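In what follows, a single structure is set out as structure tokens and then discussed.
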Amino acid sequence: MSRRIMYAIALFAFSALSCRLLAAQSAPAAQIDWSAEDSSRVAWLEQHGRTLAGRHAIVVAPADSLGDVWHRALTDSLDRGVAALRRLMGGTYPWQ
């Protein structure tokens, strides 16, 4: 078999496979509802979590997920970030 024929067959096979893959991807994906179980997650955290409050942020984490030092560091970091965002935004607006 000549090289041209082999290349043509390979190109045809690749094109056919690509078309099949594109057709399979065109079907809409099922949408995930990330907030569907929020109330149960919050209830679980209220029972099993530890809460640390900064001036601008409150961090609730499962009791066994973060050590005290890491929990405090995360709270402090988020607290500074929220304060910086508030300064950047410039204050309370009527729509907030």
Side-chain angles (χ1 to χ4, degrees):
M1 202 181 282
S2 75
R3 281 191 152 175
R4 282 187 170 177
I5 293 174
M6 288 176 52
Y7 285 133
I9 291 172
L11 182 61
F12 176 76
F14 178 74
S15 298
L17 181 60
S18 297
C19 289
R20 287 194 69 180
L21 289 174
L22 288 173
Q25 291 177 355
S26 66
Q31 200 166 16
I32 297 173
D33 185 2
W34 292 104
S35 62
E37 299 174 0
D38 277 357
S39 58
S40 63
R41 289 185 189 108
V42 170
W44 187 89
L45 277 173
E46 286 174 347
Q47 289 179 348
H48 301 98
R50 291 184 306 145
T51 302
L52 271 177
R55 186 163 180 227
H56 303 284
I58 299 170
V59 177
V60 182
D64 60 350
S65 66
L66 293 172
D68 292 337
V69 173
W70 287 99
H71 198 176
R72 172 53 60 197
L74 177 61
T75 303
D76 291 343
S77 178
L78 291 173
D79 200 48
R80 286 191 307 274
V82 170
L85 283 171
R86 287 185 177 168
R87 283 192 304 275
L88 178 69
M89 291 178 356
T92 306
Y93 298 101
W95 54 267
Q96 292 178 315

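The figures here come from the full heavy-atom set of this structure, side chains too, leaving out hydrogens, waters and symmetry mates. Predicted model, so just to flag it, every value in this text is computed and none were measured.
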Self-check item: His56 side, atom NE2; Asp79 side, atom CG - distance, nearest 0.5 Å
Solution: 5.5 Å

Exercise. Determine whether Val59 and Thr51 make a side-chain contact, defined as any pair of heavy atoms from C-beta on separated by less than 4.5 Å.
Key: no

Quiz prompt | Nearest heavy atoms of Ala53 and Ile58, plus distance in Å | solution = CB-CG1, 4.0 Å

Self-check item: Closest non-hydrogen atom pair between Ala61 and Leu45, with its separation
Solution: C-CD2, 3.9 Å

Quiz item: Between Arg50 (side chain) and Leu66 (backbone), is there a donor-acceptor pair under 3.5 Å?
Solution: yes

Exercise. Please check if the side chain of His48 supplies one atom and the backbone of Trp44 the other of a donor-acceptor pair under 3.5 Å.
Key: yes

Quiz prompt | Cluster overlap Leu74 with Trp70, hydrophobic side-chain contacts below 4.5 Å | solution = yes

Quiz item: Do Asp76 and Arg80 sit within salt-bridge range, that is, some charged N less than 4.0 Å from a carboxylate O?
Solution: no

Practice problem: Decide side chain to side chain contact (heavy atoms under 4.5 Å, CB included) for Thr75 and His71; before the verdict, give the C-alpha distance in whole Å, the side-chain angles of both, and the deciding distance to 0.1 Å. | Solution: CA-CA 6 Å; Thr75 303; His71 198 176; 3.8 Å; yes

